[in-house]
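Note that these values count all heavy atoms, side chains included, but never hydrogens, waters or copies made by symmetry. In what follows, every chain begins at residue 1, and chains take the letters A, B, ... in the order their sequences are listed. Nothing here was measured: the structure is a model prediction, and the numbers come from that model.
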Amino acid sequence: MAKLEELPKTYNPQQAEARIYKLWEKSGFFNPDNLPKAFKEPFSIILPPPNVTGTLHMGHAAMLAFEDVLIRWQRMKGFRTLWLPGTDHAAIATQSKVENMLYKEKKQTRHDLGRTEFLKLVGEFAQESHDTIVNQIRRMGSSLDWSREAFTLDEKRNLAVNTAFQRMYEGGLIYRGDRIVNWDPRMQTTVSDDEIEWKEEKTPFYYLRYGPFTIGTARPETKFGDKYVVMHPKDKRYAQYKHGDIIPLEWINGKITATVIKDEAVDMEFGSGVMTITPFHDRTDFEIAERHHLEKERIIDLKGKLLPIAGEFAGTYITKARPQIIEKLRNKDLLERVDENYVHRLATNSRGGNVIEPQIMRQWFVAVNKEFPFPHAGLKGIKKGQKTTIKRLMLHVVKTKQVEILPKRFEKVYFHWVNNLRDWCISRQIWYGHRIPVWYRGEKLSCGAQQPKGKGWEQDQDTLDTWFSSGLWTLSTLGWPKETKDLKTFHPTSVLETGYDILFFWVARMILMTTYLLGEVPFKTVYLHGLVRDSQGRKMSKSLGNVINPLDMVNAYGADATRLSLLIGTAPGQDISLSEDRVRGYRNFVNKIWNIGRFTLLKTEDFKPLKTPPPLGTEEKRILKEFHRTAEQATRSLERFQFSHAAEIMYHYLWHTFADKVIEQSKPVLQDPKKKKARQYVLVQVLADSLKILHPFAPFVTEELYQKLPLLNKKKTLMIERWPV
RNA sequence: GGGCUCGUAGCUCAGUUGGUUAGAGCGCGUCGUUGACAUCGACGAGGUCUCCAGUUCAAAUCUGGACGAGCCCACCA
């Protein structure tokens with residue numbers, strides 16, 4: 001029975017949490033294989049893998065809190081529950097971090113070290129980050145099955161990546177082509193559309209005389225090769241010019257001939273309604289050139305310098321050349337006027353901030369609009385052999401609710417994104433990542449993980465976009481392409497829980513990969529949480545100095561309080577604003593729970609639980625009934641993914657009903673020897689069941705008290721107690 | 001240009017399908033307790049739920065509009 005000295009007045013999370021987490025791990029119940037037989041139906045969540053680029057932030061903490069609530073709740077409801085952990089190698093982010101460190105510390109680049117040495121260095125950094133992150137995840141109380149931990153760049157995941165690539169290649173969905181891509185001249189790699197960050201910049205806008213036309217541009221340095229002049233077919237101002245007309249004119253470096261092109265991509269309202277195009281360095285221009293089969297010429301090299309076509313400017317960086325070119329245009333009287341107040345949108349790499357220079361390059365792509373016969377049976381609404389495209393598949397599974405997105409409004413955002421999806425460029429010119437499983441020998445090409453037989457084969461130098469491997473995450477973590485028991489049991493996974501900011505990057509790509517490769521959806525429900533912001537709603541960032549580190553909060557106030565501060569007072573898909581005060585407030589609540597327990601334990605030292613409950617008075621029955629009503633409400637909220645509401649109900653019940661009313665009113669009753677026993681029974685019962693319902697939210701303090709309560713048939717841990725509703 | 005979200009107490013935010021005196025955290029006032037509680041309890045101050053119009057027996061909640069804040073997407077050279 002409880003002894004006073006074991007029950008300090010103040011709950012001490014620092015002392016309790018490490019001990020309790022060990023108890024859980026020792027119990028083995030994080031691993032579904034160890035759960036008692038009664039836990040039958042599978043329930044699974046794969047943890048969105050944190051990047052191994054540093055440490056955990058509050059967004060991760062929120063994710064861990066939400067997912068652990070779901071997992072612990074479902075486990076207590078009797079599901080065979082798997083929550084599978086892992087980390088992401090985050091190719092480009094990790095490599096650029098290490099490259100920056102290398103340059104700062106030793107003034108060296110990756111090329112000074114060479115591929116093997118450099119990768120060793122990145123590997124060490126990733127390992128270190130991994131260890132820190134995994135430790136932090138444990139500190140949050142996450143009931144993850146560590147025995148199944150995965151890494152997006154380990155051997156098993158490499159097998160999955162290679163297999164996926166090969167199947168998609170053989171299915172005609174992965175192809176190699178010369179297309180316009182986002183090129184980062186400093187990092188010397190392509191960057192995906194989604195990783196572009198647009199920055200507004202005030203820049204002069206030049207109106208140039210181009211024969212009889214006036215063309216506007218913010219980028220005169222790209223204009224050397226412009227020999228097509230494009231206008232809208234319906235623009236009456238230029239009706240006299242016919243598609244294909246050839247017009248001789250004087251241009252930057254002498255006489256050229258311009259060809260008239262009519263295309264609807266031109267906005268008649270903008271500038272003069274006429275433009276020249278640079279297909280090699282602009283996406284719109286590239287697309288126009290493709291439509292009319294126009295010539296494309298490279299003006300800027302991969303380092304950002306002008307090529308010989310620029311005449312005397314060849315070899316100059318574009319930024320440096322621009323004013324000189326303007327000067328020349330002015331001297332030749334080709335500059336009509338300048339708009340100094342033009343706001344231009346500049347594409348930058350969100351990883352590192354470098355300016356993006358579009359280039360046409362030979363890259364690997366996933367075709368999203370190419371028709372193919374669907375190779376699987378069993379996906380609702382699409383028969384085996386039926387013609388479809390990746391894009392249609394992605395729309396189909398969400399439209400038919402085989403994947404449900406919560407909150408619902410994000411469905412619209414998803415559809416919009418998928419509808420506008422272009423072929424996905426998956427090759428990257430960085431070293432850290434999955435190497436493209438393609439081999440070349442002269443003109444020959446062979447796709448596969450192993451080097452083909454015979455001499456002279458060389459593997460593609462490039463690596464895959466990091467989202468290619470994370471797109472396989474729900475599959476690869478369960479053992480695919482092998483037909484494992486895990487894959488059979490836990491796929492499709494039950495819920496994918498993540499921040500709405502990676503709906504496109506990740507969620508959409510998992511749907512893409514899984515429906516194609518397996519003919520199943522990767523998950524049934526997507527729950528999107530908001531971004532964690534500071535108390536003024538600003539993004540947490542180092543430069544603002546408003547970063548709250550989750551581990552600091554856990555150290556100061558405990559994991560339970562940290563979790564509650566992220567769970568309560570937040571709505572699905574809505575940003576969460578967090579302050580230390582808030583965490584402190586929930587620390588007080590955790591302490592209140594502790595003292596409710598402490599009171600109950602001290603007043604039931606002489607109470608022995610019996611198989612048959614003692615006869616109850618009307619007041620006792622009322623207390624039980626009131627609790628059951630509350631418990632049902634909380635459960636209903638959980639079923640609707642209303643974590644905040646569920647926790648709030650229990651918060652309010654425990655503090656303002658159980659403590660303020662039930663306990664206060666019980667004090668005299670417990671003095672009465674005739675009524676004492678029934679009241680003790682009720683207090684222990686209600687407290688025990690409250691702890692069960694609160695356990696998913698605040699697992700530590702509830703476990704700590706549960707261990708001390710006088711109960712019959714007590715389980716090894718509260719984790720596997722049955723949900724009381 | 002398209003789309004989305006938000007505008008509720010001094011501050012940061014909840015409010016489930018429209019229904020009795022609109023809630024939480026922090027802050028504030030008075031009193032009480034200090035033998036469950038870094039306290040805690042009781043009571044209280046403080047809100048025209050941005051504004052306007054509409055639907056309804058009834059709206060913070062639904063509809064339309066205005067104003068304000070923020071986010072996402074997009075090929076305006």
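Nucleotide B:rA45 forms no Watson-Crick or G-U wobble pair with any nucleotide shown, as no partner meets the under 3.5 Å limit on both distances. Under the Watson-Crick or G-U wobble criterion, with both distances below 3.5 Å, B:rC4 is paired with B:rG70. Across every strand in view, B:rC62 sits in a pair with B:rG54 that passes the Watson-Crick or G-U test at under 3.5 angstrom. In this structure, B:rA24 and B:rU12 make a Watson-Crick or G-U wobble pair, each of the two defining distances being under 3.5 angstrom. As the counterpart of B:rC40, B:rG32 is assigned, both hydrogen-bonding distances of the Watson-Crick or G-U wobble pattern falling under 3.5 Å.
Phosphate proximity of B:rC73 to A:W198: absent, as no side-chain N or O sits under 4.0 Å from OP1 or OP2. Considering only side-chain N and O atoms, A:N588 lies under 4.0 angstrom from the phosphate OP1 or OP2 of B:rC26. Distances shown here put every side-chain N or O of A:K9 at or beyond 4.0 Å from the OP1 or OP2 atom of B:rA38. Within the structure, a side-chain polar atom (N or O) of A:R422 is placed less than 4.0 Å from OP1 or OP2 of B:rC75. Residue A:Y500 places no side-chain N or O under 4.0 Å from the OP1 or OP2 atom of B:rU5.
When each of B:rA77, B:rC75, B:rA42 is scored by its nearest atom to the side-chain atoms of A:M275, the top-ranked nucleotide is B:rA77. Considering only side-chain atoms of A:Y586, the nucleotide from B:rA77, B:rA24, B:rC40 that sits closest is B:rA24. Looking at the side chain of A:F270, the nearest of the listed nucleotides B:rC37, B:rC73, B:rA77 is B:rA77. The side chain of A:W655 approaches B:rG41 more closely than any other nucleotide in the set B:rA38, B:rG41, B:rA36. Candidate nucleotides B:rU5, B:rA42, B:rC72 were compared by shortest atom distance to the side chain of A:F504, and B:rC72 ranks first. Listed candidates were B:rA36, B:rA77, B:rA24. Nearest to the side chain of A:F205 is B:rA77. Distances were taken from every side-chain heavy atom of A:Y342 (C-beta onward) to each of B:rC4, B:rG41, B:rA77; the shortest belongs to B:rA77. Proximity note for A:T10 (side chain, C-beta onward) versus B:rA36, B:rA38, B:rG41: the nearest is B:rA38. The side chain of A:D581 approaches B:rC26 more closely than any other nucleotide in the set B:rC26, B:rC37, B:rC4. Closest approach to the A:N591 side chain among B:rU5, B:rA38, B:rC26 is made by B:rA38 (side chain taken as heavy atoms from C-beta onward).
In this structure, the CG atom of A:L503 is 14 Å from the C1' atom of B:rG3, given to the nearest Å. Rounded to whole angstrom, the span from the CD1 atom of A:I196 across to the C1' atom of B:rC72 amounts to 16 Å. Atom pair A:F589:CZ and B:rA38:C1' shows a separation of 17 Å (rounding to whole Å applied). Counting to the nearest Å, the P atom of B:rG41 and the NZ atom of A:K661 are 11 Å from each other. Nucleotide B:rA42 holds its P atom 8 Å from the CD atom of A:E664, rounded to whole Å. Across the protein-nucleic acid pair, A:R219 atom CZ and B:rC75 atom P stand 16 Å apart, rounded to whole Å. Between A:Y653 atom OH and B:rA24 atom P the separation is 18 Å, expressed in whole Å. In this structure, A:H344 places its NE2 atom 10 Å from C1' of B:rA77, rounding to the nearest Å.
Contacts of A:I215 with the nucleic acid, taken as non-hydrogen atoms under 4.0 Å apart, are absent. Residue A:A218 is classed as having no contact, given no heavy-atom separation below 4.0 Å to the nucleic acid. Nucleic acid contact class of A:V266 (heavy atoms, under 4.0 Å, all strands): base. Base contact: A:G273 has a heavy atom under 4.0 Å from a base atom. A:K408 comes within contact range of no nucleotide atom at all, as no heavy-atom separation falls under 4.0 Å. Note on A:I663: a base of the nucleic acid sits closer than 4.0 angstrom, heavy atoms only. The residue A:D660 sits close only to the backbone: its heavy atoms come under 4.0 Å of sugar-phosphate atoms, none of a base. Within the nucleic acid shown, A:F286 has no heavy atom closer than 4.0 Å to any nucleic acid atom.
Distance check on atom P: B:rG15 versus B:rU50 gives 14 Å, rounded to whole Å. Across B:rU16 and B:rA60, the matching C1' atoms stand 14 Å from one another, rounded to whole Å. Between the C1' atoms of B:rG64 and B:rG25, the separation comes to 36 Å (whole Å). Nucleotides B:rG70 and B:rU34 are separated by 48 Å at their C1' atoms, to the nearest Å. Taking atom P on both B:rA36 and B:rG10, the two are 37 Å apart, rounded to the nearest angstrom. Rounded to whole Å, the P atom of B:rC52 lies 16 Å from the corresponding atom of B:rU8. B:rG29 and B:rG46: their P atoms are spaced 15 Å apart (whole Å). B:rC6 and B:rU17 have their P atoms separated by 13 Å, given to the nearest Å.
Judged by distance alone, the side chains of A:R636 and A:Q642 never bring a donor and an acceptor atom under 3.5 Å apart.
Take the nearest nucleotide of RNA chain B for A:R409 and for A:D193: the residue whose nucleotide is more 5' is A:R409. Two residues, A:K667 and A:V583, neighbour RNA chain B, and the one matched to the more 5' nucleotide by heavy-atom proximity is A:V583.
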List the steps, then state whether side-chain hydrogen bond (donor to acceptor under 3.5 Å, both in side chains) holds for A:H292 with A:D263. CA-CA 9 Å; A:H292 302 282; A:D263 192 285; 2.7 Å; yes
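Side-chain atoms of A:T630 come within 3.5 Å of backbone N or O of A:E626 as a donor-acceptor pair. Within the 3.5 Å criterion, the main-chain N or O of A:K223 finds no donor-acceptor partner in the side chain of A:T278.
A:Y557 has its ring centre no less than 6.0 Å from the ring centre of A:Y586.
A parallel orientation is assigned to the rings of A:F505 and A:W467, their planes being inclined by less than 30° (bins at 30° and 60°).
Geometric assessment of A:R509 against the ring of A:W424 yields a positive cation-pi assignment under the 6.0 Å and 45° thresholds. The cationic group of A:R563 does not satisfy the cation-pi geometry with A:F697, failing either the under 6.0 Å distance to the six-membered ring centre or the 45° limit from the ring axis. Remark: A:K202 fails to qualify as a cation-pi partner of A:Y342 under the 6.0 Å distance and 45° angle criteria applied to the six-membered ring. The side-chain tip of A:R337 points at the ring of A:Y207 from less than 6.0 angstrom away and within 45° of straight on.
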Throw together a table of side-chain donor-acceptor distances under 3.5 angstrom for residues 653-662 of chain A, partners on residues two or more places apart or in other chains.
residue : atom : partner : partner atom : Å
A:H656  : ND1  : A:D660  : OD2          : 3.0

Are any protein N/O atoms closer than 3.5 Å to N/O atoms in nucleotides 14-23 of chain B? If there are, list each pair with its distance.
residue : atom : partner : partner atom : Å
B:rA14  : O2'  : A:E648  : OE1          : 3.4
B:rU16  : O2'  : A:R640  : NH1          : 3.0
B:rU16  : O2   : A:H645  : ND1          : 3.0
B:rU16  : N3   : A:H645  : NE2          : 3.1

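Between A:R533 and A:L531, the closest side-chain pair of non-hydrogen atoms falls below 4.5 Å.
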